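Each chain gets a letter, A, B and so on, in the order the sequences are listed, and its residues count up from 1. Computed from a predicted model, the values in this text were never measured in an experiment.
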Amino acid sequence: MKEGGAGPLDACNWKFGRMMKTNTILELTVKNHSGVMMHVCSLFARRVFNVDGILCLPTGDASKSRLWLRVKEDLRLEQMILQLQKLEDVLDVRRHGASHAVFERVGKYFRE
Amino acid sequence: MKYTGAEIIIKLLERHGIRQIAGIPGGANLPMYDALSQSESIRHILARHEQGAGFIAQGQARVTGRPAVFFATSGPGATNAISAVADAKLDSIPIICITGQVPQNMIGTDAFQEIDTYGLSVPITKHNYFARSAKELFEIIPDAFRVAMSGRPGPIWIDVPKDVQMELIEFDEWPVNGAPDPSPAIDMRSIQDAATMINEAKRPIVYVGGGAIHSGASESVRALIEKINAPAVMTLMGLGALPTRHPLSLGMLGMHAAPFTNHALEECDTLIALGARFDDRATGKVAQFCPDAKIVHIDIDASELNKIKNAKVGIIADLNDAIEALSPCIGPKGSNDWNDRVDQLKKEHPMYMPNLDDPTSAYGIIDHVAGMLEGETYITTDVGQHQMRVAQAYPFERPRQWLTSGGLGTMGFGLPAGIGAALERPEATVVCFTGDGSILMNIQELITAVEENLNLKIFVCNNNSLGLVHQQQDLFYEKRIFAANYSRAVDFVKIAEGFQMESYDLGTCIDPVSLIANVLAKPGPALINVPLDVHHKVFPMVPPGGANSEMILRDKITA
Ligand SMILES: Cc1ncc(C[n+]2csc(CCOP(=O)(O)OP(=O)(O)O)c2C)c(N)n1
């Protein structure tokens with residue numbers, strides 16, 4: 001990207017960003033309490049950023065949960081991750097490629 | 001020790017240094033109010049609307065830089081508080097809203113005044129809490145203060161069901177007070193890169209945002225500006241970081257900037273952004289903002305870097321820390337060609353404020369009040385033409401002197417925010433410039449100001465219109481003025497009288513200058529009606545969506 005040029009949220013990039021269709025898997029470690037799903041989902045929803053897969057279970061240490069999200073690769077994703085990191089209840093965010101096994105394996109429960 | 005949840009809240013607020021809380025009681029927060037009535041160190045200020053209470057808290061937080069707390073009941077109390085909290089989110093103001101909620105056994109039953117306060121507050125707060133037990137308050141309250149103050153400040157909402165307020169628990173010790181998290185470590189490589197860019201810059205401009213005020217870094221920012229001898233622009237939120245009359249100040253940038261300010265930005269080769277977020281009202285059309293500049297961007301909020309404009313060097317840091325690290329790497333600069341060029345731009349593209357000498361004119365009233373104010377002063381505004389004129393014309397001297405709703409642009413901000421400022425600074429004079437549209441949005445707080453006998457002077461810039469809407473329709477909607485003019489004029493002098501506030505009309509008085517002087521000299525609250533012609537617009541103006549270079553300079557009437 002050109003220095004000093006428009007950032008990823010500039011209007012033309014926006015449209016372009018939405019056209020790209022590869023999946024990305026996000027792995028979030030979050031505090032295990034009732035509001036945290038809402039914080040994460042609300043963040044995506046209010047920025048009109050689609051999440052098409054969600055998995056969440058407590059980790060071995062019940063004070064934390066692991067939250068897996070499948071989202072579309074998009075130029076705004078970098079900003080979304082930074083926003084996720086700002087949420088008080090989100091302890092860690094990792095980004096994996098589309099080929100991560102987690103959604104593949106549960107996939108069989110979703111094929112009618 | 002044995003205390004109820006409500007008593008624990010009040011004690012913890014006392015321990016965190018809270019001394020004045022605005023709010024309104026109701027069924028779901030009565031235990032908290034009962035506990036508050038027994039407090040020896042916290043005063044309660046009874047607002048007349050929860051939005052008013054929220055903006056009073058904002059006024060307190062904006063002048064002190066410390067978190068302020070306000071109270072509301074469940075249901076309508078909570079929904080009324082929302083605009084004030086959302087406003088604090090967009091301007092990064094640390095306020096803590098504590099609401100009552102219906103008892104937990106009634107949640108989900110559509111109980112009287114039950115509303116999903118937690119859910120409603122998610123998108124408009126930095127963080128929010130729902131207290132499930134009195135014990136949880138030991139974590140929640142200190143944590144709320146920590147989050148409100150850490151990094152980029154912001155508003156917090158704590159929802160407390162009535163049964164939690166009434167729950168009696170026994171404990172041995174109070175929790176440790178919440179304190180801000182340590183600032184992030186500085187990346188010295190980026191500091192070096194930034195220093196190189198600044199040292200090599202031929203035409204630098206420093207772009208100062210509200211972050212400079214929030215972080216208490218105004219002095220270091222000023223020292224940096226002076227060291228590199230670079231002109232500086234400020235955002236609406238950054239005004240006061242550098243005195244308006246400082247020789248290197250170019251004032252506010254963007255939609256209503258002085259012409260020379262936006263022209264200088266067009267020519268700059270290095271933009272040094274300090275605690276600023278490239279808001280659209282500041283940048284105009286982004287692609288044409290500082291088209292030739294490389295950018296150094298310093299901000300405590302990582303998500304601001306590269307959000308709108310890509311920076312060549314981005315530094316995530318507290319501004320004070322960053323400037324302290326940066327300064328020794330920077331060579332001082334004397335007067336140079338760029339300073340001369342900016343002086344030339346000032347002469348070629350001057351700021352034009354018509355009728356400054358006339359105290360009854362739109363700019364003149366601001367200039368005269370500024371000239372007559374003495375000692376410690378705070379200025380609040382509402383939203384509209386009057387707000388932009390104050391931003392353009394008032395000679396701000398210090399950080400935190402200027403309180404305005406920047407990000408959300410909420411009409412109704414000025415009066416209650418002024419009350420909050422005056423509560424925290426009883427020795428000072430607080431002036432609120434408002435519009436006849438805006439003041440009606442929280443007019444009920446006039447009586448709050450009277451009850452508290454605050455030294456608050458309200459100037460109603462009265463064009464009997466939603467002036468800024470009128471201006472946009474006139475300029476950009478082919479003069480189709482619709483739903484902007486009021487068909488009946490409100491008599492604000494009488495309204496104020498009804499609220500037992502002293503009031504004056506600048507339009508009918510014989511000697512406006514001595515009227516203003518007398519009002520400012522006499523302690524206590526007062527309202528002054530200032531009749532204005534709605535056809536006088538705020539210029540320059542960048543058309544919404546346009547580039548800053550496309551500003552409209554004036555029209556026939558304002559010329
Ligand atoms: C709560 C709210 N509603 C609507 C607006 C849109 N708006 C922006 S400026 C303005 C007119 C303000 O009129 P007034 O307070 O009389 O100030 P003037 O522009 O005349 O100085 C309006 C309606 C707003 N900013 N806030």
Side-chain angles (χ1 to χ4, degrees), chain A residues 1-17 26 28 30-49 51 54 56 62-65 67 71 74-95, chain B residues 116 118-130 132 136 139 143-144 146-148 150-152 154 156-157 159 181 197 268-271 273 277-278 280 283 285-297 300-314 316 545:
Chain A
M1 266 178 277
K2 191 179 148 231
E3 280 148 17
L9 292 190
D10 186 51
C12 59
N13 282 343
W14 237 71
K15 283 184 212 134
F16 172 65
L26 299 179
L28 278 62
V30 300
K31 289 187 192 160
N32 177 17
H33 74 79
S34 59
V36 65
M37 284 280 271
M38 180 159 192
H39 277 114
V40 172
C41 293
S42 160
L43 177 65
F44 281 90
R46 66 178 176 265
R47 287 169 184 255
V48 205
F49 197 116
V51 179
I54 303 179
C56 186
S63 71
K64 293 178 193 158
S65 294
L67 184 55
V71 298
D74 182 317
L75 287 172
R76 296 174 300 152
L77 192 58
E78 207 58 55
Q79 175 66 204
M80 290 308 299
I81 292 172
L82 291 167
Q83 292 294 337
L84 280 171
Q85 286 166 338
K86 288 209 296 185
L87 296 179
E88 280 298 317
D89 290 338
V90 173
L91 305 171
D92 187 41
V93 183
R94 277 163 210 230
R95 190 169 169 174
Chain B
D116 175 15
Y118 183 85
L120 283 173
S121 54
V122 167
I124 55 154
T125 52
K126 185 174 178 194
H127 194 48
N128 60 348
Y129 305 85
F130 179 86
R132 293 156 172 276
E136 267 190 21
E139 272 174 43
D143 202 48
R146 176 188 69 79
V147 177
S150 295
R152 180 178 184 169
I156 308 293
W157 201 312
D159 197 33
D181 294 334
M197 271 177 69
C268 91
D269 71 349
T270 307
L271 187 71
R277 62 182 174 88
F278 294 84
D280 51 274
T283 62
K285 191 184 262 173
V286 179
Q288 277 156 265
F289 178 64
C290 299
D292 301 326
K294 294 181 209 152
I295 297 170
V296 177
H297 192 176
I300 191 87
D301 181 349
S303 71
E304 289 301 344
L305 303 181
N306 303 323
K307 182 180 86 174
I308 305 289
K309 276 270 199 194
N310 291 314
K312 175 147 187 190
V313 178
I316 303 158

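- More than 12 heavy atoms of other residues, nucleotides or ligands sit less than 6.0 Å from atom NZ of A/Lys86.
- Only the side chain of B/Asp301 has a heavy atom closer than 4.5 Å to any heavy atom of chain A.
- The two atoms that bring A/Ser34 and B/Arg132 nearest to each other are OG-NH2, 3.1 Å, heavy atoms only.
- Among all heavy-atom pairs drawn from B/Ser303 and A/Gln79, the shortest one is O-NE2, 3.0 Å.
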Steps toward side chain to side chain contact (heavy atoms under 4.5 Å, CB included) verdict (B/Asn128, A/His39): CA-CA 10 Å; B/Asn128 60 348; A/His39 277 114; 2.7 Å; yes
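- Taking all atoms of both residues into account, the shortest heavy-atom contact from A/Met38 to B/Gly119 is CE-CA, 3.1 Å.
- The number of heavy atoms from other shown groups lying within 6.0 Å of CZ (A/Arg95) is above 12.
- Considering all non-hydrogen atoms of both residues, B/Ala302 and A/Leu82 come closest at O-CD1, 3.8 Å.
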From CA spacing to verdict: side chain to side chain contact (heavy atoms under 4.5 Å, CB included), B/Val122, A/Arg46: CA-CA 11 Å; B/Val122 167; A/Arg46 66 178 176 265; 4.1 Å; yes
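- For B/Glu139, the CD atom counts as loosely surrounded, since its 6.0 Å shell holds 12 or fewer non-hydrogen atoms of other residues, nucleotides or ligands.
- Taking OH of B/Tyr129 as the reference point, atom CD of A/Glu88 lies at 6.0 Å (rounded to 0.5 Å).
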